[in-house]
Each structure stands twice: as C-alpha cells, then as structure tokens.
Amino acid sequence: MTTTTATGPPSPPDGRLVARARRTAGAAWFRHGVTAAIAINAVVIGLDTSVTLAARFGGAFALASQIFLAIFVVEALIKMTAVWPRLRDYFADGWNLFDFTVIAVSLLPSTGELATLARLARLFRVLRLVSALPELRLIVATLIRSVPGMFNVLALMSIVFYVYGVAGYHLFRDIDPTHWRTLGISLLSLFRIVTLEDWTDIMYAALDHYWWAWAYFVSFVVVGTFVVINLFIAVVINSLDEAKQDRLQELAAPPTHAELLAELSRTREALARLQERLEGGRV
C-alpha cells in the first residue's frame, strides 16, 4: 500500500491511492466479501477438527488458513490507508482495534510453544463475524452497556442466595445432608433450584419431614427465578434501547473529516469522467 525509494524509508501513499482505499473500504461489496471470508474461514476451522478430514486435507486446510490471513491483512491495510494520515482514527474504533489484535496474534509462528496460541488465534478469527455484522455489534454493545446494571442485579441475587442458603442450612442439614450439610453446598443446591434442574427432588426430600417446606422452595423459585431473571432481562432491554438511541445519534451526526474527503474525491473523479466524455463527444 506504500511506495518505496532507493534512499529512504517507505513514503506515504499518494492521494489517488488513499482515495481508492476510501472508496473500497466504504463499498458494500468489500464489507460483504470480508464477511463471507470470515464465514468460510469459520467453516474451514470446523472441518479441520475432524481427524479424518485433517489427515486427508490437512495441507489444504493450512493453505486456506494462510490465504484467509492474507485477506484479513490486506483488509486492515486498506482500512488504514483509507484514513491516512490520521491512523489514530482507525485505532480509535474499538472494533478495528479488535480486528487488528486478532490479525496480529494470527501472525505468530505456529510452531513450538506458540503453536497452541496460534491455533486459538485462528479460532478468534471467527469472532470477527461480530465486528463485521452491524446487528451483532449492536448486541455486543448492549451487553457491555448492561454490565453496570447487571452488577446491581447480581448484588440483589447474592443477598437472596445468602439468606436462603443460611436458612436452608439450618432447616434441612439434618434431614438432607447431601444438599444442605454446609453453607457452600447449600448455595450450590440453590443454584440448581434456580436453574429449575430437578429441583423438585430436593423439595420432596424436605417435604417428607416438614409439610411446610414447600413454602421455602416455592418462594425461592419465585424470587430467584422469575423476579431476578426478569430484572436481568429488563436491564438488557433498557441497554438495548440506549444503544439504539446512540446509534441513531451517530447516524445523525455530521460527517467526519475522512468521510468528507472521501466524498470530495468521488465527486472529483465523477466530474473528471464527465469532462472526458464531453471532450470525447466534441472530437
């Protein structure tokens, strides 16, 4: 993407190359092509887990992996050239930084102690589907935005677990030591109950000795499962609405310096082509 001289370091890309890179980076076919490459790469990674296929097509899988890596490197170079000379605009985008990190780790040699890391780096390329699809990026942004609110819900859930755990330890440890013999085991039993996984077996063991034990279990299921889980859902939905509003504000924001330059370059090229056609018609 750069030109070199015989006496000095690589020179910056010229204006035409930058304009071409901006048009390419903003083109729909470019985005769709990168997304398709990521998806096909994911399929190849999955096929490579088959012992039979790996023994037969291992060389082809390795070659395909290098081809996809080259595609991703070229993609990163095009995006960097498109924002030249303001490279910080590229790294200021968290998704670009994520893509660049995945590509950089993928360039590690796949031999010796780094072999396992290199294989994991190939797997991380699949996560680039998140950065390639705007809808998935919105969902991830929603989850990240939900973290502070989820901490509050987790704090409430921890209090509920602790109260019911101590109560269950004192009420049922003698009749059902398998599930209530210590506070830690009691908390694990409550986690099993809140997931609704065979929780009635624990309740019936207590009901054999205390007829009122149902109130303990039913109240915990209502509070722990329906109330707290719905609070999680409410936090996520609220964060999704906020993320959508931020996205709408970004779309309504004035164009950036790079976008203005790209649009100006496209306009100049269109005028140049129009002038060439007019001059050709006169001749």
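We number each residue from 1, following the sequence as shown. The basis for the numbers below is simple: all heavy atoms, side chains too, and nothing from hydrogens, waters or symmetry mates. All values reported here derive from a predicted model rather than from experimental measurement.
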F68: partners by side-chain contact (heavy atoms from CB on, under 4.5 Å), with sequence neighbours left out |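 Once residues adjacent in sequence are excluded, the partners of F68 under the side-chain contact (heavy atoms from CB on, under 4.5 Å) criterion are A37, I40, N41, V44, A64, I71, F72, R125.
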
Any side-chain heavy-atom pair of [X] and [Y] under 4.5 Å:
X    : Y    : answer
I45  : F61  : no
L183 : Y162 : yes
I185 : Y169 : no

More than 12 heavy atoms of other residues, nucleotides or ligands under 6.0 Å from CH2 of W211: is that the case?
-> no

Qualifying side-chain hydrogen bond (donor to acceptor under 3.5 Å, both in side chains) pairs with a residue from residues 195-207, counting only residues at least two apart or across chains | none

Ring geometry between W180 and Y216 (parallel below 30°, tilted from 30 to 60°, perpendicular above 60°) |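 If you compare the ring of Y216 with that of W180, the planes turn out perpendicular.
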
Report the relative orientation of the aromatic rings in Y210 and W212; use parallel for angles under 30°, tilted for 30 to 60°, perpendicular for over 60°.
->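 It falls in the parallel class, under 30°.
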
Which of I38, V34, T24 passes side chain to side chain contact (heavy atoms under 4.5 Å, CB included) with E75? Answer is V34

What distance do L207 atom CG and W214 atom CH2 have between them, rounded to the nearest 0.5 Å?
->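 Rounded to the nearest 0.5 Å, the CG-CH2 separation comes out at 10.0 Å.
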
Between CE on residue M203 and CG on residue D208, distance to nearest 0.5 Å |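 Here the rounded value is 10.5 Å.
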
Are the side chain of S158 and the backbone of L154 linked by a donor-acceptor contact shorter than 3.5 Å?
->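 Yes, the answer is positive, given that a donor and an acceptor are paired below the 3.5 Å cut-off.
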
Under 3.5 Å, is there a donor-acceptor pair between the side chain of Y164 and the main chain of I159?
->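 It does not hold such a pair.
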
